[in-house]
Amino acid sequence: MKPETLVEFVRDIYQSNEQIPLHVPRFGGNEKSYVLNCIDSTFVSSVGQYVNRFERQIADFTGCAGAVATVNGTAALHTALHLAGVERNDLVITQALTFVATANALFHMGAQPIFVDISPLSLGLCPRAVDCYLQENATLTELGPVHKQTGQRIKAVVPMHTFGHPVELDELVSVCTKWQLTLVEDAAESLGSYYKGHHTGTIGEFGAISFNGNKIITTGGGGMLLCSDEQSALHAKHVTTTAKVPHPYEFYHDEPGFNYRMPNINAALGCAQMEVLPEFLRQKRLLAEQYKAFFADTEFCFVNEPPYAKSNYWLNAIICPDSASRDELLEFTNAAGVMTRPIWKLMHRLPMFEQAHRGNLKISEWLEGQLINLPSSPIIQE
Ligand SMILES: *Cc1c(COP(=O)(O)O)cnc(C)c1O
């Protein structure tokens, strides 16, 4: 396949001769009216009805026991790890191939990552690689698994559903049960993605979603913590709102807390975006099908949803035959105004995580050299 064929194809899909970005927000519904209404009400900040309404919409949509809106996805993940009992100096298993926010949330806890390989099926954390790493490097004690080299406790496993494609959750749950580890899902990219009919982020003890400007829906900036029981959702709400005990005028806080609550004005955007999410999902699936058909007869491999899952196809991706063709395609498309990009630098290559524990990362390293993301904004006729 010639790079110019792809440029033509993308321009044709988006019906545009201008710069085509990787992913942009779309506002075609009630966004303006809800935001204006929010301003008129003066409740633009930490209290207001849009926050409660948005939390209810997400809880209903995902089927989780309770959802708590936060200032961003990283904050949701940080809170999740805090509530999961991760402590300073604990180790947490996650994938090397992820956006830096996953690893940063661990850093905020004073915990350290163990980077493990991904599965070629999902591009997310591989359950077999996790089990293998633990067998080689951990001993199960009364405290749970402990790292043989450092004596540190290994507390949790944080898989990330890469580009919206769900990881192998049944197998991961088994590994977590076997090793007494808590499962926290980084579902930042996977709103609208399902694992065997269950929404991503609802199978682990906690899940975190992001509403950053480049995600499937946006609140400007924002996140949501999905909780697996009502009690922990109430607790999550408490700790994300400075742990203030309700009282008409007294300031009393009964535990360390965060100021992580999503402002009402952002939630107003979120309520409107949730109304159009089903249409976005439909459009993204159509777009993925078009890409899939386009790449079918080429040497490039389109990344499909795993067979057990329904993906939101947040970002479409292809695997190039080698790094040289990857570089050529990146160069050509970006110069032609069609934005494509390589996958994130693997976490253990970043200066702050160079020393981190890690397993064999063969598949992550292979994809790092050969994967490209393609323009994926939903196509909505105005
Ligand atoms: C977007 C994203 C987050 C959260 O990002 P925020 O910008 O803090 O909302 C976390 N993890 C992954 C994998 C992401 O893509």
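Indexing begins at 1, ligand by ligand and atom by atom, following the structure's order. The chain is numbered in sequence order, starting from 1.
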Check your understanding: Should we count CD of Gln49 as having more than 12 external heavy atoms under 6.0 Å?
Key ->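 For Gln49, atom CD is not crowded (no more than 12 foreign heavy atoms under 6.0 Å).
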Check your understanding: Would the Phe54 and Phe211 ring centres measure less than 6.0 Å apart?
Key ->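 Yes, close enough.
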Check your understanding: With a 6.0 Å cut-off on ring centres, are His78 and Phe258 close enough?
Key -> yes
With [atom] as the reference point, say which of [options] has the nearest heavy atom.
| atom | options | result |
| --- | --- | --- |
| atom 8 (O) of ligand 1 | Thr74, Ile209, Thr162 | Thr74 |
| atom 15 (O) of ligand 1 | His161, His78, Glu189 | Glu189 |
| atom 7 (O) of ligand 1 | Asn212, Thr94, Val71, Leu315 | Asn212 |

Provide, to 0.1 Å, the distance between [atom] and the closest protein heavy atom, together with that atom's residue and name.
| atom | value |
| --- | --- |
| atom 3 (C) of ligand 1 | Ala188 CB, 3.4 Å |
| atom 1 (C) of ligand 1 | Lys215 NZ, 1.6 Å |
| atom 5 (O) of ligand 1 | Ser210 OG, 3.7 Å |
| atom 11 (N) of ligand 1 | Asp186 OD2, 2.8 Å |

Review point. Could Arg285 and Glu305 be called an ion pair, given the rule that one side-chain N must be under 4.0 Å from one carboxylate O?
Key: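 Yes, Arg285 and Glu305 are salt-bridged.
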Check your understanding: Does Arg282 come within less than 4.0 Å of Glu279, counting only side-chain N to carboxylate O?
Key ->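 Salt bridge flag = yes for Glu279 with Arg282.
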Review point. Parallel, tilted or perpendicular: which describes the rings of Tyr313 and His165, with under 30° parallel and over 60° perpendicular?
Key: perpendicular
Exercise for review: Please state whether the rings of His199 and Phe61 are parallel, tilted or perpendicular, taking 30° and 60° as the class boundaries.
Suggested key: perpendicular
Check your understanding: Just which atoms of ligand 1 are under 4.0 Å from any heavy atom in Met160?
Key -> 13 (C)
Practice item. Could you tell me which atoms of ligand 1, counted from 1 in the order shown, lie closer than 4.0 angstrom to a heavy atom of Thr98? Key: 13 (C)
Practice item. Give yes or no for whether the N/O distance cutoff of 3.5 Å, strictly under, is met between Ala75 and ligand 1. Key: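 No - when backbone and side-chain N and O of Ala75 are compared with those of ligand 1, no distance drops under 3.5 Å.
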